[in-house]
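The block underneath contains the structure these notes are about, expressed in structure tokens.
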Amino acid sequence: MDTLGVVEVLALAAGFALVLVAASDAVSTLVTTRRRRGRRWPTPVFYRWTWRGWRAIARRASPDQREAFLGLYGPLSLLGLLVFWVVLLVAGWGAVWWGLRPAVSGVGGYLDAVYFAGVGFFTVGFGDLLPTGGLARLLVLVEAFMGLVTMALVIGYLPTLYGAYSRRELQLLSLDDLSDEPTTPVTFIEATYANGGAQGVAAAFADWERWCDEVFDTHTAYPMLAMFRSRQPGQHWLTGLAVVMDAAALALAMFDTNPAGPAARLWRRSTRLVQNFRRLPAVGLGAVGAVPGADEARFRAVYERLGRLGYPTRPYEQAWDSYRRLREAFYPELAAATSLLLVPMEFRHQTSRLDLSGPPGR
């Protein structure tokens, strides 16, 4: 092989650097599932820029078309991310082969080098371009192995990702207050109280606490899950989270409950989940702006309504002060996330109306 010039050496260095960055990002996303702190790695860059464009188009659509359009982003973004990795890897290997073009018969320009890199990466093996020399042949094997491993990792990754998505959505189906109206924190507490009193409410809080733990773990390991919308219209996971978070805050503020009980644990777990949004590459929340505080008139109506359940309540002023402090811990990040993801601010359960007042057959 002829002696390489300065330009060829620079091409080799740039090519290997691009290959290492893309491969490291893929392994970090698919294998180690650890968040990288930088925002300039390929995965966060891909999601940040593609979501901006997708969101801008969705904002111009009607509400019904918007939800259908936004629902396509999650699955398509996975395919797009795979294509993005492959493009980076092939482009990086193309720069390597252009720098080593004396060792590959038939490679003249960069497009020839990219073609040869694609043939090696996808293990096509047409045989029209051939490496000559031990180093070039070894690098071809390394590139082919990298291509096979990348495809295998993506194929093995999909069942895990969709399993986590299905478990998240399954829990949302149980958020039903048996009414035809949107489920709210108040109706959630009333429905669970009617199904077992204080113990029923505690059991529901414990169930949603486990859900928050699993969502925190899976959405930290697989941050693109945050972009997957629910299969059921009107049941976005962020809206469901807002319902149970606010219900836990109301219970802690109003009721004389155990400060280390299910409501406190749910509020703690859900608040940790919400505060983690700004560190997820798939969401990438920036600075959280000012948001309106809690509405005291609304809280007074809720206080009087829940007081009729018969559960011991704290004095109004104490409850109002506690609720404001509890809400301030999670609401700014939650409001920013729902705005960024264009999430409708109500949770609807699509079920048949339960009406036992009329005679059978009507």
Side-chain angles (χ1 to χ4, degrees), residues 1-50 77-158 221-224 279 281-282 284:
M1 184 174 65
D2 298 336
T3 302
L4 299 179
V6 175
V7 176
E8 285 76 11
V9 171
L10 291 176
L12 281 171
F16 279 123
L18 185 57
V19 168
L20 289 175
V21 167
S24 175
D25 185 65
V27 170
S28 174
T29 301
L30 302 177
V31 181
T32 62
T33 62
R34 295 180 64 87
R35 296 191 308 270
R36 292 191 177 276
R37 294 185 180 276
R39 291 171 54 86
R40 294 184 174 87
W41 287 91
T43 295
V45 168
F46 170 82
Y47 274 98
R48 192 160 59 247
W49 285 101
T50 57
S77 68
L78 284 180
L79 298 177
L81 181 60
L82 172 61
V83 172
F84 189 48
W85 283 332
V86 170
V87 168
L88 292 179
L89 290 169
V90 171
W93 279 109
V96 170
W97 293 123
W98 185 86
L100 293 175
R101 62 188 181 279
V104 182
S105 62
V107 172
Y110 180 67
L111 290 180
D112 294 331
V114 169
Y115 167 75
F116 180 69
V119 168
F121 188 84
F122 295 108
T123 64
V124 179
F126 290 127
D128 51 343
L129 303 178
L130 297 174
T132 59
L135 177 60
R137 290 171 179 170
L138 178 63
L139 288 177
V140 167
L141 293 178
V142 172
E143 182 187 2
F145 176 76
M146 184 175 292
L148 290 173
V149 169
T150 301
M151 299 305 169
L153 287 177
V154 171
I155 293 173
Y157 175 77
L158 292 178
Y222 313 113
M224 61 283 299
R279 294 191 292 271

For the backbone of Ala91 and the side chain of Tyr110, can you confirm whether one donor and one acceptor N or O come within less than 3.5 Å of each other? yes
Main-chain N/O of Thr43 paired to Asp25 side chain as donor or acceptor, under 3.5 Å: yes
Quick check for you: to the nearest 0.5 Å, what is the distance between [X] atom [atom1] and [Y] atom [atom2]?
X      : Y     : atom1 : atom2 : value
Leu139 : Trp97 : CG    : CH2   : 4.5 Å
Thr50  : Leu81 : OG1   : CG    : 9.0 Å
Trp85  : Phe46 : CH2   : CZ    : 9.5 Å

Walk me through whether Met224 and Thr29 qualify under side-chain contact (heavy atoms from CB on, under 4.5 Å). CA-CA 10 Å; Met224 61 283 299; Thr29 301; 3.8 Å; yes
With a 4.5 Å cut-off on side-chain heavy atoms, are Phe16 and Leu12 touching? yes
Start with the C-alpha gap between Val149 and Val27, add the side-chain angles, then the distance that decides, and say whether side-chain contact (heavy atoms from CB on, under 4.5 Å) holds. CA-CA 10 Å; Val149 169; Val27 170; over 6 Å; no
Donor-acceptor list for residues 115-127 side chains, cut-off 3.5 Å, not counting sequence neighbours:
from	atom 1	to	atom 2	distance (Å)
Tyr115	OH	Asp128	OD2	2.9

For [X] against [Y], the heavy-atom pair lying closest together:
X      : Y      : value
Ala95  : Gly15  : CB-CA, 3.7 Å
Val104 : Thr132 : N-OG1, 4.3 Å
Ala113 : Trp98  : CB-N, 3.5 Å

With Val86, the side-chain contact (heavy atoms from CB on, under 4.5 Å) member among Leu88, Val83, Leu82: Leu82
Can Val140 and Trp93 be said to form a side-chain contact (heavy atoms from CB on, under 4.5 Å), step by step? CA-CA 10 Å; Val140 167; Trp93 279 109; over 6 Å; no
Counterpart residues, side-chain hydrogen bond (donor to acceptor under 3.5 Å, both in side chains), relative to Thr150 (two or more places apart): none
Check the pair Val19 / Met146 against side-chain contact (heavy atoms from CB on, under 4.5 Å), numbers first and verdict last. CA-CA 10 Å; Val19 168; Met146 184 175 292; 3.8 Å; yes
Is Leu111 atom CG crowded by more than 12 heavy atoms from other residues, nucleotides or ligands, each under 6.0 Å away? no
